[in-house]
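Indexing begins at 1, ligand by ligand and atom by atom, following the structure's order.
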Amino acid sequence: MLNPKRFLSDLHHLRSFGAAGVGKGVVRPAFSDPDIAAREWLAARMKEAGLEPRFDPVGNLFGIAGEQSLLLGSHTDTQPEGGWLDGALGVIAALEIARASKEAGGPPISVVSFQDEEGRFGVTTGSAIWGGNTVLADADPLTDRDGVSFVDARAKMAHLAGADVSPALFSGYVEMHIEQGPSLDQSGEKIGVVDSIVGIRDMRITFAGQQNHAGTTPMALRRDAFQALSRFNAVLNDRFRNVVTPQTVWTIGHVSLHPNASSVVPGKVTFSMQWRDGDAERLRRMEGIIRETAQEVADGGGFEIGFGPMLGLEPVPMDKGLRARLAEAAEAEAPGNWRHMPSGALHDATNVARLMPVAMLFVPSIGGVSHTFDEDTDEADLVTGLRVLARAAGVDVG
Ligand code: HGY
Ligand code: MN
Ligand code: MN
């Protein structure tokens with residue numbers, strides 16, 4: 001039978017791999033020692049549950065229940081500073097449901113923890129490769145913010161890696177996740193049934209000017225890379241106003257300034273430029289504005305400009321049939337207290353949608369925060385999510 005205590009205990013145990021910060025923080029980036037240790041623990045737990053654990057060549061870990069099984073899961077890697085639930089919730093809920101179903105002689109449920117969903121190297125790298133949104137040859141040269149390549153990082157898991165896992169084993173994919181935003185927390189609703197996942201674009205931009213002495217170089221003669229970034233950001237925000245909706249988001253989240261010293265006019269800046277929206281055409285228009293603005297800033301101040309490879313995923317609707325099953329289960333567990341909603345965060349489900357029908361459900365995030373040590377959800381809400389997912393998967397909830 002579905003065992004919420006065992007589910008919560010496994011979820012807390014997973015947090016012990018990379019536990020950090022105050023509260024329930026975790027530092028477990030893809031291919032770090034805690035990430036690999038967590039995956040080895042999870043593989044053992046899958047085996048105990050009667051599943052066949054298999055790592056694929058990029059570190060995605062599957063627990064296979066048999067052919068034509070429903071696949072449940074998410075990811076167990078974290079952001080450089082993350083919470084205990086982002087990804088982990090969907091994987092451990094999947095484990096509990098697969099285990100309970102086996103014990104009760106229910107339908108076969110398989111489990112997955114995708115690798116590098118948080119994009120240390122790309123955008124949802126492990127599932128993007130499995131789903132065919134990118135190919136290994138293109139992913140291998142991608143580097144993290146310290147210059148480590150994907151191919152070198154995944155070599156750390158070579159002793160675990162096996163053959164590709166065929167998507168033909170699975171009939172569909174359902175991912176439970178924390179919302180990571182404010183909607184459910186503010187409304188007091190317990191479940192979000194996702195109707196679509198937004199699209200994303202992500203690239204690195206470089207402005208190269210002239211590194212020089214911060215005391216002797218007159219302001220008019222400077223080619224200061226920080227000033228270029230600052231100007232680019234201000235002009236961009238202004239130009240986006242006519243194009244975006246209240247749901248559109250864009251972020252400069254990583255900045256590397258060279259040489260990053262108080263008495264040196266910075267000669268070079270490389271930064272991440274990311275934007276997300278549910279409309280692929282709007283994403284395209286925003287790309288045009290970004291490239292044009294960056295070029296104008298560069299030309300106006302005498303900077304060399306560099307654009308890195310553009311990574312991205314298209315907006316994806318969820319499968320109607322699986323959505324209906326989740327909606328029915330949500331109504332049974334939280335009558336009148338759930339909603340349909342889009343996902344503003346990216347998820348592995350986007351990539352898996354190329355292979356099979358997919359759907360997602362959300363539980364509330366306290367204060368609407370995630371990608372921070374402060375991320376949390378009431379345990380009662382986690383259990384409601386577990387029960388909705390189990391019901392939708394056809395597993396006895398007791
Ligand atoms: O950034 C995202 O949306 C996800 O958490 N990878
Ligand atoms: Mn996640
Ligand atoms: Mn995340």
#### Entry: Check against side-chain contact (heavy atoms from CB on, under 4.5 Å), M46 and L42
CA-CA 6 Å; M46 287 169 164; L42 182 62; 4.1 Å; yes

### Task
Verify the neighbour count for atom CD of E304: are there more than 12 heavy atoms of other residues, nucleotides or ligands below 6.0 Å?
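Count not over threshold, so no.
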
### Query
So which of N133, V123, V358 actually passes side-chain contact (heavy atoms from CB on, under 4.5 Å) with N351?
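With N351 as partner, N133, V123, V358 yield a single side-chain contact (heavy atoms from CB on, under 4.5 Å), made by N133.
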
Under 3.5 Å between some N or O of ligand 1 and some N or O of [X]?
X: A345; answer: no
X: E118; answer: yes
X: H371; answer: yes

Quick one: sort the [X] and [Y] rings into parallel, tilted or perpendicular, breaks at 30° and 60°.
X: F362; Y: H177; value: perpendicular
X: F62; Y: F170; value: parallel
X: F17; Y: W41; value: tilted

### Query
Restricting to N, O or S atoms of D86, which is nearest to the Mn ion (ligand 3)?
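For D86, the N/O/S atom sitting closest to the Mn ion (ligand 3) is OD2.
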
### Task
Within a distance under 4.0 Å of any heavy atom of L346, pick out the atoms of ligand 1 and give their elements.
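That gives atoms 2 (C), 3 (O), 4 (C) of ligand 1.
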
### Message
Under 2.8 Å from the Mn ion (ligand 3), is there any N, O or S atom belonging to E118?
### Response
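Yes, within the cut-off.
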
### Query
Does any N, O or S atom in H371 come within less than 2.8 Å of the Mn ion (ligand 3)?
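It does: H371 brings an N, O or S atom closer than 2.8 Å to the Mn ion (ligand 3).
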
### atom 1 (O) of ligand 1 [closest protein heavy-atom partner, distance rounded to 0.1 Å]
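Protein heavy atom at minimum distance: R276 NH2, 2.8 Å.
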
### Query
Where do T350 and E314 come nearest, in terms of heavy atoms and distance?
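Nearest heavy atoms, T350 then E314: CG2-O, 4.0 Å.
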
### Task
For the Mn ion (ligand 2), find the closest N/O/S atom belonging to H177 and write down its atom name.
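The H177 atom nearest to the Mn ion (ligand 2), restricting to N, O or S, is NE2.
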
### Query
Applying a 4.0 Å heavy-atom criterion (strictly less than), which segment of H347 is in contact with ligand 1: side chain, backbone, both, or neither?
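It is neither part, as no heavy atom is under 4.0 Å.
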
